[in-house]
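Structure first, then comments.
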Amino acid sequence: GQPSEMVMNPKQVFLSVLIFGVAGLLLFMYLQVWIEEQHTGRVEKKREQKATSGWEPVNYLPVPRIMTREKIQEHITNQNSKFHITEGPKGKKENLLNSERPTRILRKTSHPQGEDGALGKTTGPPTIKLSEKHEGSRTVFKKFNEMKWPLDIRPLNKSLVKDNKWKETEVAQETRRSFLQEFCKKYGGVSRPQSHLFHMVSRIYVEDKHKILYCEVPKAGCSNWKRILMVLSGLASSAYNISHDAVHYGKHLKKLDSFDLKGIYTRLNTYTKAVFVRDPMERLVSAFRDKFEHPNSYYHPVFGKAIIKKYRPNACEEALNNGSGVKFKEFVHYLLDSRRPVGMDIHWEKVSKLCYPCLINYDFVGKFETLEEDANYFLQLVGAPKELKFPNFKDRHSSDERTNAQVVRQYLKDLTRTERQLIYDFYYLDYLMFNYTTPFL
């Protein structure tokens, strides 16, 4: 006989299709919810890690493994007595963590520690990745690879300082150097595989005649420092007649990353290395005022437009087109966003990621708050001509009031307490390394 054929009536076909469709839809909805949960979890985790970790790793950069802020604070509180004790100006012994300015106990936040919170220690030097243009002889590379890293801190050569008026500045300088060195010994470590030497020294300016290495920190007196370096190297006769554009776009000064490996190694070991820093919150407000409150053909179209588009609901067409009128609160949202619509900028980047103070042992740590005294003392140390004095004029927008603590308070008033705390968390390492007073948030 003929094989019997199974025939489904239309009703059965319809029911089968309907059941499969409903099952597929339910599965799709479940997967969508699961994916969203996973994504949200990852974003939250990243945010938590970002708020609590020290330096965020960037593919090819050196990754100093720094303890999370909670760990550091706990260690400071528990080990306070173990810190090196320095003599104050009046011969009175001070705790190293409270030298220079009183720092109140840093309050803990509820952030859990990031996965990379533990301090990583390595016994050997970091491996240096060479870009093609810098690949030189293997001997030089081997020599650099064997070099002790970080470089040892050397005592300052004060043989050229003749005046007695620098005693207080001298004491402050020794305190800062010891403090930074002590901090780096306890909390800084070099991650072996990712150090890229040429990136690390890319913000350092070189003045060969007086053997100076100056790490540029924008909004901490860097324009006038570049003027001084131009005078010292014979490129200008006076710091007072060099324009802002000549300083920043003239390409007169050499940077350390323009030398070969041997040139970098020699200079790092023999030149006087200086970094000048500023209170992080003050530096941030100063950068915002400079770049967003005045016409600017770069920061408005590049940063302003992206910031307004992402952080201003119902922005008008004009603001979206020209990027002008960014509010401080919007700028802060951009700064704290792990998915910034446009990258970081040196004017508000952390000093810890511009100058690598735990990898490059700076001989001199100047502060914007005592800029003139520090700078003029430094000029004596390096044997600069006696008549050369650090200029005290405001480089741009000279009619504006300088950004000071009072001005900063006005800007912070627009922010919530959480936003202020998150800015502090963002610059936490800079506050700690350079012993800046915790802001009252």
Side-chain angles (χ1 to χ4, degrees), residues 52-55 57 61-88 93-101 103 105-106 113-114 116-128 145-156 171-195 197 200-201 204 213 215 268-269 272-275 277 280 350-367 427-436 438:
T52 55
S53 63
W55 293 336
L61 304 187
V63 188
R65 299 292 186 199
I66 300 290
M67 295 172 106
T68 57
R69 43 184 308 235
E70 286 82 3
K71 282 275 186 195
I72 293 175
Q73 186 50 52
E74 191 183 314
H75 192 84
I76 289 170
T77 312
N78 296 340
Q79 306 288 324
N80 228 7
S81 57
K82 292 184 186 175
F83 268 93
H84 175 65
I85 303 297
T86 55
E87 289 286 333
K93 288 197 172 183
E94 298 175 330
N95 185 288
L96 181 68
L97 280 166
N98 296 313
S99 51
E100 279 210 299
R101 293 168 72 181
T103 306
I105 292 295
L106 307 168
Q113 291 160 15
D116 291 336
L119 175 65
K121 289 190 178 177
T122 59
T123 48
T127 303
I128 310 299
N145 221 20
E146 286 164 0
M147 146 186 170
K148 191 174 178 192
W149 196 268
L151 306 172
D152 279 337
I153 198 161
R154 300 190 310 264
L156 272 176
V171 170
Q173 191 50 228
E174 289 305 331
T175 305
R176 288 172 197 165
R177 275 160 46 97
S178 303
F179 187 91
L180 181 58
Q181 189 189 16
E182 209 56 38
F183 172 86
C184 293
K185 258 192 214 167
K186 287 184 181 289
Y187 309 115
V190 184
S191 176
R192 186 194 294 266
Q194 298 181 59
S195 298
L197 175 73
M200 276 167 49
V201 300
I204 297 178
L213 295 181
C215 187
L268 279 174
N269 274 291
T272 306
K273 302 178 288 295
V275 60
V277 298
K350 307 159 194 178
V351 178
S352 51
K353 289 181 83 169
L354 291 172
C355 297
Y356 297 95
C358 280
L359 293 169
I360 297 165
N361 276 325
Y362 288 93
D363 304 297
F364 194 94
V365 180
K367 289 195 170 181
Y427 289 110
Y428 180 66
L429 271 184
D430 286 2
Y431 272 105
L432 210 57
M433 279 180 169
F434 302 108
N435 199 23
Y436 275 110
T438 310

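Between V365 and Q173 the shortest heavy-atom distance is N-OE1, 2.6 Å. When all heavy atoms of V351 and D430 are compared, the closest pair comes out as N-OD2, 2.7 Å. The two residues K367 and N435 come nearest to each other via the heavy atoms NZ-O, 4.0 Å. When all heavy atoms are compared, the tightest approach of F434 to L180 is CE2-CD2, 4.1 Å. For G366 against R176, the heavy-atom pair with the smallest separation is CA-NH1, 3.8 Å. The minimum heavy-atom distance between P357 and C184, with the atom names listed, is O-SG, 3.9 Å.
Taking CG of L359 as the reference point, atom CG of L197 lies at 10.0 Å (rounded to 0.5 Å). With values rounded to the nearest 0.5 angstrom, C215 atom SG is found 10.5 Å from M200 atom CE. Atom NZ of K350 and atom SG of C355 lie 14.0 Å apart (nearest 0.5 Å). In this structure, CD1 on I204 lies 10.5 Å from OH on Y356, to the nearest 0.5 angstrom. Rounding to the nearest 0.5 angstrom, the gap separating the OH atom in Y428 from the OG1 atom in T438 is 8.0 Å.
Distance alone, capped at 3.5 Å, places no donor-acceptor pair between the R177 side chain and the F364 backbone.
In this structure, the ring of Y187 has its center less than 6.0 angstrom from the ring center of F183.
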